[in-house]
Amino acid sequence: MPWDELMVEIMQQLKVKTASGLIIISILYMIVGFGIFGTVIMMTNERTKEFGVMVSVGMQRTSWRKSCFWRWSLSGLPGL
């Protein structure tokens, strides 16, 4: 008879430990994600006037979007 059938309580504790670890890690990732999202929102709000000036000077919206994407990606990368 294998040991996992003999010690059912230990197997149950291992399953509970694994499940609780996954829940805690997912909560931590959510907290970090909200922190990064808040930083991106703050960066966007601070640069609204700058975005308007760039568009009014003649910057195309596609290059503006690429610029914003790379800026936000590089800002969020250290959080991962």
Side-chain angles (χ1 to χ4, degrees):
M1 208 172 210
W3 70 272
D4 57 344
E5 291 179 8
L6 292 174
M7 299 185 183
V8 179
E9 295 87 13
I10 293 177
M11 288 302 296
Q12 289 175 347
Q13 289 176 352
L14 286 173
K15 289 178 184 178
V16 168
K17 182 180 177 183
T18 304
S20 64
L22 289 175
I23 291 171
I24 290 173
I25 287 175
S26 63
I27 290 172
L28 288 175
Y29 274 124
M30 286 176 40
I31 291 170
V32 169
F34 282 126
I36 293 172
F37 182 69
T39 303
V40 168
I41 293 295
M42 187 172 48
M43 285 174 26
T44 305
N45 286 338
E46 288 175 354
R47 297 181 187 257
T48 303
K49 185 177 179 182
E50 180 183 333
F51 293 151
V53 170
M54 288 191 306
V55 171
S56 68
V57 169
M59 185 175 194
Q60 294 181 355
R61 292 195 186 269
T62 55
S63 56
W64 174 78
R65 286 185 185 126
K66 287 178 188 177
S67 170
C68 290
F69 171 76
W70 286 112
R71 185 179 301 154
W72 296 332
S73 297
L74 292 176
S75 296
L77 189 64
L80 297 177

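The basis for the numbers below is simple: all heavy atoms, side chains too, and nothing from hydrogens, waters or symmetry mates.
Note on V53: it does not cluster hydrophobically with W64, by side-chain heavy-atom contacts below 4.5 Å among ILVMFWY residues.
The CD atom of Q12 lies 6.5 Å from the CD atom of E9; values are rounded to the nearest 0.5 Å. The CD1 atom of I36 sits 10.5 Å away from the OH atom of Y29 when rounded to the nearest 0.5 Å. We find the CZ-OG1 distance between R71 and T44 to be 9.0 Å, quoted to the nearest 0.5 Å. Put simply, CZ on R65 and OG on S67 are 12.5 Å apart, with the number rounded to the nearest 0.5 Å. Atom-to-atom distance recorded for Q13:CD and S20:OG is 11.5 Å, nearest 0.5 angstrom.
When the shell of 6.0 Å around CD of Q60 is examined, it contains 12 or fewer heavy atoms from other residues, nucleotides or ligands. When the shell of 6.0 Å around CE of M11 is examined, it contains more than 12 heavy atoms from other residues, nucleotides or ligands. By the 6.0 Å contact criterion, CZ on F51 is enclosed, its count of non-hydrogen atoms from other residues, nucleotides or ligands being greater than 12.
Minimum interatomic distance between M59 and S63 (heavy atoms only, all atoms of both residues): CG-OG, 3.5 Å.
Looking at heavy atoms from C-beta onward, K66 lies out of side-chain contact with F69 at the 4.5 angstrom threshold.
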